[in-house]
Amino acid sequence: MERYNAAVAEARWQEIWDEQKVFEAPDDSDKPKYYVLEMFPYPSGRAHMGHVRNYTLGDVVARYRMARGYNVLHPMGWDAFGMPAENAAIESGVHPAIWTRQNIDHMRAQFKPLGLSVDWGRELATCDPEYYGKEQAIFLELLEIGLAYRKEAWVNWDPVDHTVLANEQVIDGKGWRSGAPVERRKLTHWFFRITEFAADLLDALKGLDRWPEKVRLMQANWIGRSEGARVFFPLEGGVGGEGRKIEVFTTRPDTLFGASFCALAADHPLSLELAGNDPDLAEFIEECRKLGNTAEAIETAEKRGYDTGLTVARPVGEPVSLPLYVANFVLMDYGTGAIFGCPAHDQRDLDFARKYDLPVPPVVIPPGEDAADFSIGDEAYTGEGLLANSDFLDGLSSAEAITRVIAHLEENDLGKGAITYRLRDWGVSRQRYWGAPVPIIHCDKCGVVPVPKDQLPVTLPEDATFDKPGNPLDHHPTWKHVDCPKCGGKATRDTDTLDTFVDSSWYFMRYCSPRDEGILDKKAAAYWLPVDQYIGGVEHAILHLLYSRFFTRALRKLGYVDLDEPFEGLFTQGMVTHVTYKDEDGAWVFPENVEKKPDGSLVRVDNGKTVSKGRLEAMSKSKKNVVDPTPIVEQYGADAVRWFILSDSPPERDLLWSESGIEGAWRFTHRLWRLVLENIELLGDSRPEIAKASEFSASATALRQLTHRTIDGITGDIEAFHINKAVARIYELANALGSRPDGPGAEAALLEATECIVRLTAPMMPHLAEELWAALGHKTLLVQEPWPVADPALLARDVVTMAVQVAGKLRDTIEVELDADREAVESLALASYKVQKAIGDGVVRKVIVVPNRIVNIVVG
RNA sequence: GCCCCCGUGGCGGAAUUGGUAGACGCGCCAGACUCAAAAUCUGGUUCCUGCAAGGGAGUGUCUGUUCGAGUCAGACCGGGGGCACCA
């Protein structure tokens, strides 16, 4: 028997699928639609195993749904804007567009041999003007309805690179690339008003029942809803005019009587106003700004405050004056930028109070403590309890007190119940070249002027230079200089580009009508959306998914789509890991540079140094544990790679890439090939139809039952993303196919099982399955064949094996008819020699019979 | 610090959701084929004890609920992830 030549067969089937356009998805169909999407890749230039895993998982779903009779949309594109392209331009002088194009071509060439069921006709790249021009149109429409706006905001500014840095690009308070200490600067930026949907984005998480609980939780935490109250504290002494007051937010209005000070954020308007004629305060504010916002800075910084000398009045109960501070731990962009400090019941406030010698009156008494002698030491009491020293709240529980005090505040116009979210508006301006230009013109006379829609796209100038720091769009000699569309006078373009998260927030909608002249074709969008199954890494659990949810709501408001949630089902896959090796100097070593000596020790091939096996790590260039998919696919074939990736590890967990694993998978492709061809040989020209067989031997029936259980099991496994279990069932059926049935109906049963294993393998190893389907004599393409259906009659068993326990310990098993009655089972169990031996001279107290499962004999 | 998830053979992992722990694969061991090797096929493989039949232990640790616990509850230990001065 000749060997299966994966390379030849895979190329051939890919060509046939391509020619017959089997993966092209029409925008309307009698079939139900199913939209499968994997997160589109950043074209870094090299495909990695993580991509292979991601797209293989999606492909299994897509091919399965096709077989189940769905009109499947399974597109692919490129998240093509972003910094690496610009860095490449700075480092090697290649233009970002050229660099990106080459990478896309290279990666597409790496993906194609995987045999993915992708409709390549819908391919898009976010750096194409056809794409980002539409994005600019969306921007302008968001501006019209107030979901995009401009405001001044504090940003991390890299003084060397002359650019804004995202928080994650600031390491130890320094720019990740320049190493220069990052400054806090106030810049005017574009924002998307995502906070408008904060409540909805949070509430709607409940309905996303096909999302991982973990992701929903992370989003909920990120949105961060806090319930409490806003409370006004009047400024005393007529400062700033009569009736002036500061507004604070608190989640613990029940502790209001425990207030011993109030504090403002450094950038609070009142702080800035007071700093105007208080140089010391101005200096303090400056220090706060320098502090930065890195984790380390925050952790090590002690609580510090500046006493403004002003006082505020406690708004409830007996009149009490509280000192007003400006404090470094109060955030301007959360709540109202001002707090009241209740040291007894908040750790930060307590630290602050101890430092500045402020009173610490307890007002919430923990259960079991006595109000008379309860006092606070070094730890604030943040739990609930009964109120004391709190006027009309005394004796109430924390919960009751909160309700009561809010009612009191509202009746007397001193404050109101309020909800605050941690979520902030999304700053989208980036001072970079390789992104979608903000389609805005700034005119001295007319102010901010949108680029007229008929002048979109605002394209990037091709002749930008990258040899000096800062934004190439800003230094370009001519690009930004334009006439004002309104008054015709001299004006300049906005030189910022949009955050690349904007690009990825709507690409899944654009796929529905990728060549549409407008933003999108409403009919196509209505047909295809939402995405039925989205698949990608957990690293996007928060931002990308949250921004996409926002964009969907925004486009709904604009009338383009009629849905809130873009992704009906979400699956987050694990990483691909590989062992790491380090030599005696602690340097990472490539696996191919490691040799195993006969005594089992490991050495470097190049210099003979001792190597130790490190822990499993996600594949990364820096740890030298990457495996390039392309040579592996060339060596073993795409099916073997796909099979290995799908077996063993559950898709949501990390996958350990190993050489022995891929070889095992490769062996199975050959084993299945041989098994099926042997069966074909055995059957000769006969193709006995299962429906025509009138009688089946025991072995034929057993094989049929396994076949149908396998169909049923794999169907459920794929739907539940238990792909590793589906793989195990294929192995099980393959093992059974090794020993052929005999007697009446044997040939029909064998053919049925053989055809089924081929059909069930198709989503995972599509080329091999197609090859074997043809070998079985079929003229149709397997990819267009329906999914097999399990016969319920063959799923039911007429005889079951029941376990018999004595005192909870397994002693024997018995064969009984399905649903055999209790007494029969009981007496059969008691008749067992092993059971009797185990009972010995004990007394049978009770016999528990769980039908078709287990018998437990309780012995006293 | 707060929130969440996970601990099962040498390894990756199954276990119908409270009912025969270890499916399936990798690895390893033995056998068959071969002059030999590779490939392939067959069998074995949780641990302890025993020639064997068998017996005992066993799902991170300890306690509990139950006729019965990998599964439920409580405490602890270990690993991973998210958020982090959010009032």
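Residue numbering restarts at 1 for every chain, and letters A, B, ... go by the order of the sequence lines. Just so it is clear, the values below take in all heavy atoms, side chains as well, and ignore hydrogens, waters and symmetry mates.
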Give me the distance, rounded to whole Å, that separates [N] from [M] when you measure between the [atom1] atoms they each carry.
{"N": "G13(B)", "M": "A52(B)", "atom1": "P", "answer": "34 Å"}
{"N": "C24(B)", "M": "G68(B)", "atom1": "P", "answer": "31 Å"}
{"N": "G12(B)", "M": "G19(B)", "atom1": "P", "answer": "25 Å"}
{"N": "G74(B)", "M": "A69(B)", "atom1": "C1'", "answer": "15 Å"}
{"N": "C6(B)", "M": "C86(B)", "atom1": "C1'", "answer": "29 Å"}
{"N": "G79(B)", "M": "C28(B)", "atom1": "P", "answer": "31 Å"}
{"N": "U71(B)", "M": "U20(B)", "atom1": "C1'", "answer": "15 Å"}
{"N": "U46(B)", "M": "A53(B)", "atom1": "P", "answer": "14 Å"}

Inset, instruction - Could you tell me whether Glu732(A) and Lys725(A) make a salt bridge, using a distance below 4.0 angstrom between a side-chain N and a carboxylate O? - result: no

Legend entry - Glu247(A) and Lys245(A) ion-paired at < 4.0 Å: no

If we call it a pair only when both distances are under 3.5 Å in a Watson-Crick or G-U wobble match, what pairs with [N]?
{"N": "G54(B)", "answer": "U49(B)"}
{"N": "C2(B)", "answer": "G82(B)"}
{"N": "G7(B)", "answer": "C77(B)"}
{"N": "A30(B)", "answer": "U42(B)"}

From C-beta outward on [X], which listed nucleotide comes closest to its side chain: [options]?
{"X": "Arg674(A)", "options": "C85(B), U40(B), A87(B)", "value": "U40(B)"}
{"X": "Ala803(A)", "options": "G12(B), A87(B), U20(B)", "value": "U20(B)"}
{"X": "Ala728(A)", "options": "C86(B), A14(B), A23(B)", "value": "A23(B)"}
{"X": "Arg811(A)", "options": "G12(B), A14(B), G56(B)", "value": "G56(B)"}
{"X": "Leu810(A)", "options": "G19(B), U20(B), C41(B)", "value": "U20(B)"}
{"X": "Asn856(A)", "options": "C85(B), A87(B), G19(B)", "value": "G19(B)"}
{"X": "Ser660(A)", "options": "G27(B), C41(B), C67(B)", "value": "G27(B)"}
{"X": "Pro650(A)", "options": "C4(B), C86(B), G13(B)", "value": "G13(B)"}
{"X": "Glu732(A)", "options": "G19(B), G82(B), A23(B)", "value": "A23(B)"}

Inset, instruction - Check the pair Arg653(A), Asn724(A) against side-chain hydrogen bond (donor to acceptor under 3.5 Å, both in side chains), reporting the backbone distance first and the verdict last. - result: CA-CA 11 Å; Arg653(A) 285 206 222 164; Asn724(A) 56 320; over 6 Å; no

Below 4.0 angstrom from OP1 or OP2 of [N], is there any side-chain N or O of [X]?
{"X": "Lys809(A)", "N": "A57(B)", "value": "yes"}
{"X": "Arg422(A)", "N": "A84(B)", "value": "yes"}
{"X": "Tyr731(A)", "N": "G25(B)", "value": "no"}
{"X": "Asn724(A)", "N": "G12(B)", "value": "no"}
{"X": "Asn735(A)", "N": "G25(B)", "value": "yes"}
{"X": "Arg3(A)", "N": "U40(B)", "value": "no"}
{"X": "Ser226(A)", "N": "A87(B)", "value": "yes"}
{"X": "Arg667(A)", "N": "G27(B)", "value": "yes"}

In whole angstrom, what separates [X]'s [atom1] from [N]'s [atom2]?
{"X": "Leu205(A)", "N": "C4(B)", "atom1": "CG", "atom2": "C1'", "answer": "15 Å"}
{"X": "Ile662(A)", "N": "G27(B)", "atom1": "CD1", "atom2": "P", "answer": "12 Å"}
{"X": "Lys303(A)", "N": "A87(B)", "atom1": "NZ", "atom2": "P", "answer": "14 Å"}
{"X": "Glu652(A)", "N": "A14(B)", "atom1": "CD", "atom2": "C1'", "answer": "13 Å"}
{"X": "Asp717(A)", "N": "A15(B)", "atom1": "CG", "atom2": "P", "answer": "8 Å"}
{"X": "His540(A)", "N": "G82(B)", "atom1": "NE2", "atom2": "C1'", "answer": "15 Å"}
{"X": "Arg671(A)", "N": "U42(B)", "atom1": "CZ", "atom2": "P", "answer": "7 Å"}
{"X": "Leu737(A)", "N": "C41(B)", "atom1": "CG", "atom2": "P", "answer": "13 Å"}

Is the ring centre of [X] less than 6.0 Å from the ring centre of [Y]?
{"X": "Phe261(A)", "Y": "Phe340(A)", "answer": "no"}
{"X": "Tyr636(A)", "Y": "Trp643(A)", "answer": "no"}
{"X": "Phe644(A)", "Y": "Trp657(A)", "answer": "yes"}

Legend entry - Val316(A) backbone acceptor or donor facing Arg314(A) side chain under 3.5 Å: yes

Using a heavy-atom cut-off of 4.0 Å across all strands, would you classify [X] as base, sugar-phosphate, or nothing?
{"X": "Arg653(A)", "result": "sugar-phosphate"}
{"X": "Ser647(A)", "result": "nothing"}
{"X": "Thr801(A)", "result": "base"}
{"X": "Leu656(A)", "result": "nothing"}
{"X": "Val850(A)", "result": "base"}
{"X": "Val330(A)", "result": "base"}

Inset, instruction - Could you tell me whether U17(B) is syn or anti, where syn means a glycosidic angle within 90 degrees of zero? - result: syn

Legend entry - Base orientation of G9(B), syn vs anti, 90° cut from 0: syn

Check: [X] side chain, [N] base, donor-acceptor under 3.5 Å:
{"X": "Arg424(A)", "N": "C86(B)", "answer": "yes"}
{"X": "Lys725(A)", "N": "C24(B)", "answer": "no"}
{"X": "Asp648(A)", "N": "G12(B)", "answer": "yes"}

Inset, instruction - Specify the residue among Asn221(A) and Gly661(A) whose closest nucleotide of RNA chain B lies further upstream toward the 5′ end. - result: Asn221(A)

Legend entry - Nearest-nucleotide 5' precedence on RNA chain B, Phe340(A) against Val855(A): Val855(A)

Inset, instruction - Over 60° means perpendicular and under 30° means parallel, so classify the ring planes of Tyr356(A) and Tyr325(A), tilted if in between. - result: tilted

Inset, instruction - Would you check if Asp349(A) and Ile339(A) make a side-chain contact, meaning some heavy-atom pair closer than 4.5 Å? - result: yes

Legend entry - Minimum-distance pair of heavy atoms, taken over all atoms of Ala726(A) and Ile718(A): CB-CG1, 4.5 Å

